[in-house]
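In what follows, chains are A, B, ... by sequence order, proteins preceding strands, each numbered from 1.
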Amino acid sequence: MSLTDRLTEGIRAALREAGLPAVDDCAWEIPRQGEHGDYATNVAMTLARPARRPPRQIAEAIVAGFPRMPEVARLEVAGPGFVNVFLSPVWCAESLREVLAAGETWGRGDLLAAQRVRLEFVSANPTGPLVIVNARAAAIGDALARLLRAQGAHVTTEFYVNDAGNQFEALARSFEARVRQAVGEAAALPDSGYPGEYLVELARTYVTDHHLTTPAELAAHLAASGERPTERLGRWAVARIVEGQRRILREYGVEFDVWTSEQHDVRDKQLPELVLDDLAARGLTYERDGALWFRSSEIGDETADDKDRVLRRSSGEVTYFGVDVAYHHAVKFSNADRVIDLLGPDHHGYVGRMRAAMQALGHPLEILIVQLVTLLREGQPVRMSKRRGEFVLMEELLEEVGRDAARFTFLTRRHDSPLEFDLAVATRQSSENPVYYVQYAHARIRSIARQAREQGIAIPAWDAIDLTPLVAPEEQALARRLLHFPDVVRGAARALEPHRVAFWLQELAGVFHPYYKTHRVIQEDRRLMLARYALCAAVGQVIENGLALLGVAAPESM
RNA sequence: GCGCCUGUAGCUCAGUCGGACAGAGCGUCGGACUUCGAAUCCGAAGGUCGCAGGUUCGAUCCCUGCCAGGCGCACCA
């Protein structure tokens with residue numbers, strides 16, 4: 001049971017004692033002002049109406065009837081009726097033992113125990129290299145997976161490769177034109193093609209790999225395969241592009257459990273036809289103008305769609321929407337209790353119909369929109385458009401800014417807030433980036449351990465260390481802050497907001513650095529030294545745990 | 001026209017379930033290295049929380065309207 005749970009029990013006991021109405025839960029907040037205590041609750045104010053008594057009077061009764069607990073030094077009534085709790089300094093110092101004993105598990109919880117979660121993110125189209133917004137989605141998605149796992153969830157991460165339909169056709173035809181050009185043939189890009197330079201390079205690789213130098217050789221080569229040339233070339237290009245995306249993500253520290261091919265795993269298995277029949281049997285569709293429509297506008301709550309959507313075109317081809325509905329129903333929800341999709345901002349017009357379809361099928365789909373990244377270089381906007389072939393690659397971001405700094409930067413913003421990212425500024429300031437502030441605190445702590453080893457100082461087991469010398473305000477502040485960590489992780493997991501962890505780590509480092517500056521660990525007073533050593537070890541452990549949740553390294557030295 | 005997101009310090013952004021005096025980083029200005037790492041620390045300046053109403057003990061937060069910026073509104077994906 002966590003500290004706040006125990007405090008809530010104390011409140012409930014006090015309410016019983018005073019004959020006041022019971023409460024299920026109790027909102028504990030950490031006051032900004034130190035003089036308002038370590039924890040505060042407004043429970044007396046919320047009880048004022050049902051109990052028909054003034055809030056301050058209720059608060060007085062709570063304070064009078066609160067049971068004695070080793071955690072709590074004293075309580076007081078403040079302001080309009082807050083109950084402020086002051087923790088016992090001795091108990092706070094002792095609580096470090098719990099952090100040290102828990103080690104890398106400190107911060108984990110069971111909020112989502114045994115829950116099966118399917119989490120899809122990035123899922124960039126296989127029409128070119130990954131760009132900045134993909135890096136943002138990857139950082140957020142990966143951190144979410146780690147957060148949910150830390151709360152006991154079984155998470156399956158997925159990258160969905162949209163290698164079918166019109167988009168694939170456009171890519172395949174563009175690539176075919178580039179290959180033909182590469183052997184000297186006069187071939188024009190299709191109107192809706194992709195003009196980017198990368199396809200030119202990829203075509204060059206293709207003809208080199210296959211030892212093709214003339215149009216005649218290319219023609220013979222394509223004829224020999226027996227496949228439709230566009231199809232063959234398109235498949236080859238997609239495989240190469242997806243492999244490139246996977247490689248960059250791996251360098252970024254992001255690995256997916258499942259890579260799904262729309263062509264092989266969905267269309268070839270006839271899932272759309274099966275699910276569309278199922279939808280029709282449930283009366284959720286109708287035919288009009290030769291097409292099959294989904295009754296989006298009639299289904300679901302007020303957040304649902306405002307018009308009906310086509311599932312199967314009059315040509316007989318299933319739409320992207322139809323395929324997606326089928327895949328979510330037949331695969332994702334059949335293997336998971338929760339499905340979370342991270343989508344790009346260009347998809348938010350799509351959310352309504354998808355949510356309506358999932359509601360109709362009884363599936364609680366959760367969709368997070370990762371907002372746009374506006375890329376700047378020296379304050380000037382950089383257009384990101386695959387169609388114009390003018391964009392900044394995720395690979396360049398990793399080279400210029402680095403993996404840890406990039407990930408941390410993305411994780412210090414809410415996912416639904418548009419982000420401005422100035423490459424030049426990020427590069428110039430990289431040594432002052434907040435991520436290094438946090439990492440540096442960790443490296444300093446490890447440095448203390450190295451120093452102790454070099455000086456031959458023996459560190460006993462944590463149990464054998466007396467922690468009562470930790471009475472300085474800075475030491476108490478650090479110990480109390482470490483107690484918050486499990487609550488922070490739980491809150492971030494519940495809200496699906498990893499940025500809370502990133503901000504909290506900066507605050508922790510912001511308390512540690514001044515402490516380090518003014519309080520020496522290694523010193524003559526052995527009792528004090530060991531107590532401080534244990535405190536620093538606990539801080540280092542929590543920084544490591546927090547950074548691990550974000551997929552950022554906790555270096556031994558920098 | 002309709003829908004979604006956003007509007008908080010010069011810039012980039014936090015602000016939990018409505019709570020006490022509005023927060024950080026960067027930038028600016030002024031200081032601190034013979035002691036475990038100066039990627040650090042100490043101090044200062046910097047605010048009409050877009051605007052106007054409403055709800056209530058209390059609103060940056062919830063509701064309504066307006067203004068501004070971004071994005072989306074296909075038998076595309």
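The residue A:Phe168 sits apart from the nucleic acid: no heavy atom pair falls under 4.0 Å. Residue-level contact check: A:Pro418 touches the backbone only, with heavy atoms under 4.0 Å from sugar-phosphate atoms and none from bases. Across all strands shown, A:Ala441 has no heavy atoms under 4.0 Å from either base or sugar-phosphate atoms. Within 4.0 Å (heavy atoms only), A:Ala48 reaches no atom of the nucleic acid at all. Within 4.0 Å (heavy atoms only), A:Asn84 reaches at least one base atom of the nucleic acid. Within the 4.0 angstrom heavy-atom criterion, base atoms lie near A:Glu35. Using a 4.0 Å heavy-atom distance criterion, A:Tyr440 is classed as a base contact. Residue contacts for A:His513: at a heavy-atom cut-off of 4.0 Å it reaches the sugar-phosphate backbone alone, with no base atom in range. Across all strands, A:Ser314 comes closer than 4.0 Å to base atoms (heavy-atom distances).
Paired with A:Phe321 under the rule side-chain contact (heavy atoms from CB on, under 4.5 Å), one option of A:Val318, A:Val323, A:Thr319 passes, and it is A:Thr319.
Side-chain atoms of A:Arg444 lie closest to B:A38 of the nucleotides B:U12, B:A38, B:A20. With distances taken from any side-chain atom of A:Trp293 to the nucleotides B:G19, B:U16, B:C75, the minimum falls on B:C75.
Both geometric conditions, a ring-centre gap below 5.5 Å and a plane tilt below 30°, are fulfilled for A:Phe82 over the base of B:A20. Residue A:His347 and nucleotide B:A77 are classified as a stacked aromatic pair, their ring centres being separated by less than 5.5 Å at an interplanar angle below 30°. Once the 5.5 Å centre distance and the 30° plane angle are applied, the aromatic ring of A:His499 is found not to be stacked with the base of B:A14.
Distance A:Met354 CE to B:C73 P: 17 Å, rounded to the nearest Å. In this structure, CZ of A:Arg520 is placed 11 Å from C1' of B:G37, rounded to the nearest angstrom. The CG atom of A:Leu419 sits 21 Å away from the P atom of B:G69 (whole-angstrom rounding). Whole-Å rounding puts the A:Leu411 CG to B:A14 C1' distance at 14 Å. To the nearest angstrom, C1' of B:U16 lies 12 Å from CD of A:Glu507.
B:G37 is unpaired under the criterion used here, namely a Watson-Crick or G-U wobble arrangement in which both key atom distances are under 3.5 Å. Using Watson-Crick or G-U wobble geometry with both donor-acceptor distances under 3.5 Å, B:C73 finds its partner in B:G1. Nucleotide B:A24 is matched to B:U12 when pairs are restricted to Watson-Crick or G-U wobble geometry with both distances under 3.5 angstrom. For B:G65, the paired base is B:C51 (Watson-Crick or G-U wobble, both distances below 3.5 Å).
Taking atom C1' in both B:G37 and B:A32, one finds a spacing of 16 Å when rounded to whole Å. Nucleotides B:G1 and B:C61 are separated by 31 Å at their C1' atoms, to the nearest Å.
A salt bridge links A:Asp341 with A:Lys332: the closest approach of a Lys/Arg side-chain nitrogen to an acidic carboxylate oxygen falls below 4.0 angstrom. Between A:Lys517 and A:Glu474, no side-chain nitrogen of the basic residue sits less than 4.0 Å from a carboxylate oxygen of the acidic one, so the salt-bridge criterion is not met.
A donor N or O paired with an acceptor N or O is found under 3.5 Å between the base of B:G19 and the side-chain atoms of A:Asn42.
Listed pair A:Arg414 / B:G15 meets the phosphate criterion, a side-chain N or O lying under 4.0 Å from OP1 or OP2. Checking the phosphate oxygens (OP1, OP2) of B:G37, no side-chain nitrogen or oxygen of A:Tyr436 falls inside 4.0 Å. Between A:Arg413 and B:U6 there is no side-chain polar atom (N or O) within less than 4.0 angstrom of OP1 or OP2.
Proximity of the aromatic rings of A:His484 and A:Tyr39 is defined here by a centroid distance below 6.0 angstrom, and this criterion is met.
By the 6.0 Å contact criterion, CD on A:Glu524 is open, its count of non-hydrogen atoms from other residues, nucleotides or ligands being 12 or less.
With A:His415 contributing its side chain and A:Ile369 its backbone, the two residues share a donor-acceptor pair below 3.5 Å.
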